[in-house]
A.B. asks: 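Before I ask anything, here is the structure I am working with.
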Amino acid sequence: MIKSPVREIVAAIDAAAARWRDAAFEPRLRARDAVGARTGYSLASVDYALDRLFDALRSDAIEAVIADELGSLDVLDHFVRRDGRPRARAVSIGSVCIVSSRTTVGVAIVPAIFALCAKCETLVKDRDDHLVAAFLSTIAEQLPALRDHASAQTWSGAGRAADLSRYDVVVAFGDDATLAQIATTLDGGVRFIAHGSKASAGYVTREALRDEEAAREIARGAALDLTLYETEGCLSLHALFVEGGGAVSAAAFAQLLEEALSAAVREFVPAPKSQAASRRAIARELATFRRESAALPADPAAPYLVVLDPPNEEPPLFLAQTIGVRCVDEPANAAEYLERHGITLEGLAVAGARDDVVELALRAKAARIVPFGALQSPPLGAFHGGRARIADFVRWIGDET
């Protein structure tokens, strides 16, 4: 178990992240190129991800999450008195293994730093870009006592599957089939935290569409949520619902979104993926063929697509830079659509706060309600997958003497 005081661990993470916030930091430059090569994302998108990841890893934010979930930082170092309960201490649950996903950038780093703050032995299944290993190495430079307690390695899908049951906690990111396979390798004593297949959606109320300027701002945020990381991952915008009856119609909003996407793909240039392009072209032709839906833009070579009012019988397209804009009367229509297609939300982007929109988030089991443009920038304290950040990595002991 890690013996260092929690504040020393937090300070080391903060100092390491400060070094990684420097775009000229040599390990970051190497990781940036490797992440871009692995994912196919533009370097602008990779920089966006790294900036937001490491900007979030500040001591005040880390300490705030720990204090909120455990009551205080001190409880990780010694027994602390608690109102109405015996004095208690939160001790390391033991060993933690974190399995990264294929598409995301550094998703394993946040659970890894909280596992370290909980003083757990921590191993991360890294990707071929070795981003996690490089960052853990920087942390160890700041606090050498952590060097033997945190590591990142790469292995094939089944390469270490049989070893996972020796950990006290396994955190895994991936598709549902991968997580189900991992679950079969674990015995009943392992705490399994699975982050599987989810999507994110957006909802625009008629009140939010009060004029073209307001609608254009919403469209810019939606375009960012859609464009980043090739629309892969649970925080990308996959479905968009727009209420009718606003000063700006759903059709006019779709046009504004198309314009915003045109600008976004120039800033975050998508990789040329022929399969995605051909599938977009088919979706465009199908929308054009149908009388009840329309496709923007008409150019089949455009690296994005907005389909207005696709049939509700069809699920979201889940294509890079592709979105269906569905005109609805109320949030219940969106909830029914998501339930019909078995879609559980990670995030719901909202323009126009109303109680029934919050009810939509609850009904769709969303973990976050955010403004448009913020889906891909979760704060450190966000409940990813609806789970706590550090509470899963400790066990409690009470002193009643």
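Basis for what follows: all heavy atoms, side chains included, without hydrogens, waters or symmetry-related copies. The chain is numbered in sequence order, starting from 1.
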A.B. asks: Please walk me through it: do R58 and D55 pass salt bridge (charged side-chain N to carboxylate O under 4.0 Å, His left out)?
C.D. replies: CA-CA 7 Å; R58 299 177 184 269; D55 189 59; 2.4 Å; yes
A.B. asks: Holding to salt bridge (Lys or Arg N to Asp or Glu O under 4.0 Å), I want the full list of residues that pass it with E330, two or more places apart in sequence or in another chain.
C.D. replies: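 E330 satisfies salt bridge (Lys or Arg N to Asp or Glu O under 4.0 Å) with no residue once adjacent residues are dropped.
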A.B. asks: What residues form a salt bridge (Lys or Arg N to Asp or Glu O under 4.0 Å) with R147, not counting sequence neighbours?
C.D. replies: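 R147 satisfies salt bridge (Lys or Arg N to Asp or Glu O under 4.0 Å) with no residue once adjacent residues are dropped.
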A.B. asks: Start with the C-alpha distance between V124 and V99, add both sets of side-chain angles, then the distance that settles side-chain contact (heavy atoms from CB on, under 4.5 Å), and finish with yes or no.
C.D. replies: CA-CA 6 Å; V124 178; V99 180; over 6 Å; no
A.B. asks: Check this for me, if you would: do D14 and R7 make a salt bridge, where the nitrogen-to-carboxylate-oxygen distance has to be below 4.0 angstrom?
C.D. replies: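 No, this pair does not count.
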A.B. asks: Considering only residues two or more places apart or on different chains, which pairs with a residue in residues 359-368 satisfy side-chain hydrogen bond (donor to acceptor under 3.5 Å, both in side chains)?
C.D. replies: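 Qualifying pairs: E339-R363.
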A.B. asks: Check this for me, if you would: do D129 and R38 make a salt bridge, where the nitrogen-to-carboxylate-oxygen distance has to be below 4.0 angstrom?
C.D. replies: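 Salt bridge flag = yes for R38 with D129.
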A.B. asks: Are any of the side-chain heavy atoms of I66 and C117 separated by less than 4.5 Å?
C.D. replies: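 A side-chain contact under 4.5 Å exists here.
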A.B. asks: With sequence neighbours left out, which residue pairs that include part of residues 71-123 fulfil the ring pair (Phe, Tyr, Trp, His ring centres under 6.0 Å) condition?
C.D. replies: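 Qualifying pairs, neighbours excluded: none.
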A.B. asks: Are the side chain of R82 and the backbone N or O of A88 linked by a donor-acceptor pair below 3.5 Å?
C.D. replies: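 No, because the side chain of R82 does not come within donor-acceptor range (under 3.5 Å) of the backbone of A88.
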A.B. asks: What is the distance from atom CG of L305 to atom CG of L317, rounded to the nearest 0.5 Å?
C.D. replies: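 Spacing of CG (L305) from CG (L317) equals 7.0 Å.
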A.B. asks: Taking NZ, NE, NH1 and NH2 as the nitrogens, is one of them in E213 or R216 under 4.0 Å from a carboxylate oxygen of the other?
C.D. replies: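 So E213 does not pair with R216 through a salt bridge.
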A.B. asks: Should the heavy atoms of other residues, nucleotides or ligands under 6.0 Å from CD of E212 be counted, would the total exceed 12?
C.D. replies: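 No, because the 6.0 Å sphere around CD of E212 holds 12 heavy atoms or fewer from other groups.
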A.B. asks: Which distance, rounded to the nearest 0.5 Å, do you find between the NE2 of H195 and the OG1 of T104?
C.D. replies: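 It is 11.0 Å, given to the nearest 0.5 Å.
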A.B. asks: Okay, side chain of R266, backbone of S262: is any donor-acceptor separation there less than 3.5 Å?
C.D. replies: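 Yes; judged by distance alone, with no hydrogens or angles, the pair exists.
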A.B. asks: I'd like to know if the side chain of T231 reaches the main chain of L226, judged simply by a donor and an acceptor atom lying under 3.5 Å from each other, with no hydrogens or angles considered.
C.D. replies: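 Yes, T231 side chain to L226 backbone: donor-acceptor pair under 3.5 Å.
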A.B. asks: Tell me if a side-chain donor or acceptor on E69 pairs with a main-chain N or O of R389 at a distance below 3.5 Å.
C.D. replies: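 Such a contact is found between E69 side chain and R389 backbone.
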A.B. asks: Counting heavy atoms not belonging to D355, are there more than 12 under 6.0 Å from its CG?
C.D. replies: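 Count not over threshold, so no.
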A.B. asks: For R85, give me all partners under salt bridge (Lys or Arg N to Asp or Glu O under 4.0 Å), at least two apart in sequence or on another chain.
C.D. replies: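 Testing R85 for salt bridge (Lys or Arg N to Asp or Glu O under 4.0 Å), a comparison that skips the adjacent residues, returns none.
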A.B. asks: Just how far is it from atom OG1 of T205 to atom CZ of R210, taken to the nearest 0.5 Å?
C.D. replies: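 Separation between the atoms: 9.5 Å.
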A.B. asks: Counting only N and O atoms by type, is there a donor-acceptor contact under 3.5 Å from the side chain of S200 to the main-chain atoms of G347?
C.D. replies: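 At least one qualifying donor-acceptor pair exists.
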A.B. asks: Would R32 and D47 count as a salt bridge (charged side-chain N to carboxylate O under 4.0 Å, His left out) if you check the C-alpha gap in whole Å, the side-chain angles of each, and the deciding distance to 0.1 Å?
C.D. replies: CA-CA 7 Å; R32 169 185 183 255; D47 276 330; 2.8 Å; yes
A.B. asks: Can you say whether the rings of F135 and W20 are parallel (under 30°), tilted (30 to 60°) or perpendicular (over 60°)?
C.D. replies: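 Aromatic pair F135/W20 classed perpendicular.
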A.B. asks: Given the ring of F25, does R21 sit roughly above its face, with NZ or CZ under 6.0 Å from the centre of the six-membered ring and within 45° of the axis?
C.D. replies: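 Geometry flag: not set, cation outside 6.0 Å or 45°.
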A.B. asks: Decide whether R52 and Q376 meet the rule of one side-chain donor and one side-chain acceptor closer than 3.5 Å.
C.D. replies: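 No, Q376 and R52 have no side-chain donor paired with an acceptor closer than 3.5 Å.
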A.B. asks: Could you measure the distance from the CG atom of L237 to the CG atom of D225? Nearest 0.5 Å is fine.
C.D. replies: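 With rounding to 0.5 Å, CG (L237) is 6.0 Å from CG (D225).
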A.B. asks: Testing the 3.5 Å rule here: is there a donor-acceptor pair between the side chains of Y304 and E258?
C.D. replies: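 Judged by distance alone, the side chains do pair up.
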A.B. asks: Hey, does the side chain of E346 reach the backbone of G385 with a donor-acceptor pair shorter than 3.5 angstrom?
C.D. replies: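 Yes; at least one donor-acceptor contact below 3.5 Å.
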A.B. asks: How long is the straight-line distance from OG of S4 back to CD1 of I9, given to the nearest 0.5 Å?
C.D. replies: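 Here the rounded value is 5.5 Å.
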A.B. asks: Any Lys/Arg nitrogen of R206 or D329 sitting under 4.0 Å from an Asp/Glu carboxylate oxygen of the other?
C.D. replies: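 Salt bridge: no.
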A.B. asks: Tell me the ring pair (Phe, Tyr, Trp, His ring centres under 6.0 Å) pairs involving residues 305-340, sequence neighbours left out?
C.D. replies: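 Every pair satisfying ring pair (Phe, Tyr, Trp, His ring centres under 6.0 Å) with a residue in residues 305-340: H238-F318, F241-Y337, Y337-H341.
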A.B. asks: With no hydrogens and no angle check, is any side-chain donor or acceptor of T178 less than 3.5 Å from a backbone partner on D176?
C.D. replies: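 A pair under 3.5 Å: no.
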A.B. asks: Does the side chain of Y167 pick up a donor-acceptor pair with the side chain of E121 at under 3.5 Å?
C.D. replies: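 Note: Y167 and E121 side chains miss the donor-acceptor criterion.
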A.B. asks: What verdict does the salt bridge (charged side-chain N to carboxylate O under 4.0 Å, His left out) test give for E141 and R19, after you've listed the backbone C-alpha separation in whole Å, the side-chain angles of each residue and the deciding distance to 0.1 Å?
C.D. replies: CA-CA 11 Å; E141 290 174 11; R19 297 172 70 184; 2.8 Å; yes
A.B. asks: Is a donor on one side and an acceptor on the other found under 3.5 Å between the side chain of S377 and the backbone of A374?
C.D. replies: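 The answer is no, because no donor-acceptor pair under 3.5 Å joins these two groups.
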A.B. asks: Is the backbone of A223 close enough, under 3.5 Å, to the side chain of T227 for a donor and an acceptor to pair up by distance?
C.D. replies: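 Side chain of T227 to backbone of A223, a donor-acceptor pair under 3.5 Å: yes, one is there.
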A.B. asks: Within the 3.5 Å criterion, strictly below it, is a donor on D168 or S95 matched to an acceptor on the partner's side chain?
C.D. replies: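 A pair is found: one side chain offers a donor N or O, the other an acceptor, under 3.5 Å apart.
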A.B. asks: Enter the distance from R81:CZ to D74:CG here, rounded to the nearest 0.5 Å.
C.D. replies: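 R81 CZ to D74 CG: 13.5 Å, rounded to 0.5 Å.
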A.B. asks: Tell me whether K125 contacts the main-chain N or O of A152 through its side chain, where contact means a donor paired with an acceptor under 3.5 Å.
C.D. replies: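 It does not hold such a pair.
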A.B. asks: Just do the salt bridge (charged side-chain N to carboxylate O under 4.0 Å, His left out) check on K3 and D77 with the steps written out, would you?
C.D. replies: CA-CA 9 Å; K3 301 296 185 181; D77 291 333; over 6 Å; no
A.B. asks: Which residue is it: L116, L146, I113? I am looking for the one with a side chain to side chain contact (heavy atoms under 4.5 Å, CB included) to L136.
C.D. replies: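 For L136, the side chain to side chain contact (heavy atoms under 4.5 Å, CB included) check succeeds only for L116.
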